[in-house]
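In this text the structure is predicted, and so the values were computed from the model without any measurement.
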Number of protein chains: 2
Amino acid sequence: MKNSALYKGSLNTIIMKLLEEKGRMYGYEITQKVKAITLGELTITEGALYPALHKLEAEGLLEVEVEKVDNRLRKYYKLTEKGNKETVNRLAELEEFIRNMQSIVNPKLSY
Amino acid sequence: MKNSALYKGSLNTIIMKLLEEKGRMYGYEITQKVKAITLGELTITEGALYPALHKLEAEGLLEVEVEKVDNRLRKYYKLTEKGNKETVNRLAELEEFIRNMQSIVNPKLSY
DNA sequence: CAAATATACCTAAGTTTCTTATACATAAAA
DNA sequence: TTTTATGTATAAGAAACTTAGGTATATTTG
């Protein structure tokens, strides 16, 4: 049962959208949230997630707050102001992609 | 104006879906068709298209017929039997991806 | 008529984004 | 006590693109 289609390029948008909603989240929490929302169909691997978070932080779209909970480390991420603006763009792009794909895949529905 | 979101992994499915509909198409025709359907928003680059066609052919999902039209070469591609079956799977996967993305991006709509 | 654009194919180098595998560490459950 | 869950991280490799070329003919435009 292959990883059921996480199309490349969508991960960043997923992260940013969840952070926009929730305010702040830590990495592991994001993986669990995605799994829950998609009823187990979509699994974010750690090898994809952590580099993505670090890159978004490096780009100034996320900022991090480190906390210790239950003697274990957590890195909470939240959107910066720049990140908030960029989230709007990326969501618009994703929605455009979805519209385009539906025009191709289901041409009868797109008038 | 960046290339407006061709999420990686979707190109093969686009090609296969168009061939399923049209019966057979040649490369250049595919690029024009996609541009037309998406009102210019989605452009398939040749550097992506031709390697993708060759790979699908190598995998036995497409077969090719070469023709000369107006003194110019055309390579018409069509789905093999195996390609037809696989198209069903890929479309299902793409639709699942779209459902999952909508669950994430627009949680209020997904009951 | 010359130059640009459209049609039609192709590949190579580099980048991005993932998967897979591994590593470290603590807490809880079997 | 061993496995599973929680929590982070990186390195090597694969896959799928972009960018930038190359070749050639037909048509349109200035």
Side-chain angles (χ1 to χ4, degrees), chain A residues 1-16 24-36 40 42-59 61-62 64-77 90 93-94 97 100-101, chain B residues 1-16 24-36 40 42-59 61-62 64-77 90 93-94 97 100-101:
Chain A
M1 191 192 82
K2 71 178 73 174
N3 181 32
S4 249
L6 205 200
Y7 284 82
K8 293 185 183 182
S10 55
L11 178 56
N12 287 338
T13 308
I14 291 173
I15 293 170
M16 292 167 78
R24 66 173 207 169
M25 297 178 84
Y26 56 99
Y28 187 75
E29 187 185 7
I30 293 174
T31 66
Q32 300 309 301
K33 180 70 174 172
V34 168
K35 203 182 283 183
L42 206 157
T43 301
I44 306 292
T45 63
E46 299 149 20
L49 178 70
Y50 291 112
L53 287 172
H54 301 159
K55 201 188 171 202
L56 288 170
E57 189 192 353
E59 289 167 351
L61 299 174
L62 301 189
V64 67
E65 293 161 5
V66 182
E67 281 181 31
K68 207 163 193 177
V69 178
D70 266 341
N71 206 33
R72 263 195 254 95
L73 205 70
R74 276 189 196 168
K75 294 196 173 176
Y76 281 96
Y77 289 90
R90 304 231 180 159
E93 254 182 48
L94 179 58
F97 167 73
N100 283 332
M101 289 310 295
Chain B
M1 190 192 78
K2 72 178 70 171
N3 181 34
S4 251
L6 204 202
Y7 284 81
K8 293 183 183 183
S10 57
L11 179 55
N12 287 339
T13 308
I14 291 173
I15 292 170
M16 292 167 78
R24 65 172 208 170
M25 297 179 85
Y26 55 100
Y28 186 76
E29 187 185 7
I30 293 174
T31 66
Q32 300 308 302
K33 180 71 174 171
V34 169
K35 204 182 284 183
L42 206 157
T43 301
I44 307 292
T45 63
E46 297 151 22
L49 178 70
Y50 291 112
L53 287 172
H54 300 158
K55 201 188 172 202
L56 288 170
E57 190 192 351
E59 289 168 350
L61 299 173
L62 301 188
V64 65
E65 293 161 4
V66 182
E67 281 181 33
K68 206 161 192 177
V69 177
D70 267 339
N71 207 34
R72 263 196 254 95
L73 206 69
R74 276 190 195 169
K75 293 196 173 178
Y76 281 96
Y77 289 90
R90 305 231 180 158
E93 253 181 49
L94 178 57
F97 166 73
N100 283 332
M101 289 311 294

Practice task
Using a strict cut-off of less than 4.0 Å between a Lys/Arg side-chain nitrogen and an Asp/Glu carboxylate oxygen, indicate whether B:Arg24 and B:Glu67 qualify as a salt bridge.
Solution key: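 Answer for the salt bridge query: yes.
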Handout entry: Ring geometry between B:Tyr26 and B:Tyr76 (parallel below 30°, tilted from 30 to 60°, perpendicular above 60°)
Key =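 Perpendicular.
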Problem - Nucleotide nearest A:Ala48 when distance is taken to its side chain, options C:dT19, D:dA9, C:dC10 - result: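 Minimum distance to the A:Ala48 side chain belongs to C:dT19.
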Practice task
Kindly point out which of C:dT26, D:dT10, D:dA16 is positioned nearest to the side chain of A:Arg72?
Solution key: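 Selected nucleotide: C:dT26.
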Practice task
Go through the N and O atoms of the side chain of B:Glu46 and the base of C:dA8, and report whether any donor-acceptor pair is under 3.5 Å.
Solution key: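 Answer is no: no donor-acceptor pair is held.
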Between [X] and [N], is there a contact of a side-chain N or O with OP1 or OP2 at under 4.0 Å?
X       : N      : result
A:Lys55 : C:dT16 : no
A:Tyr28 : D:dT8  : no
B:Tyr26 : C:dA8  : yes

For [X] and [N], what is the distance between atoms [atom1] and [atom2] respectively, to the nearest whole Å?
X       : N      : atom1 : atom2 : value
A:Lys68 : C:dA25 : NZ    : P     : 12 Å
A:Asp70 : C:dA25 : CG    : C1'   : 14 Å
A:Lys35 : D:dT6  : NZ    : P     : 8 Å
A:Phe97 : D:dA16 : CZ    : C1'   : 13 Å

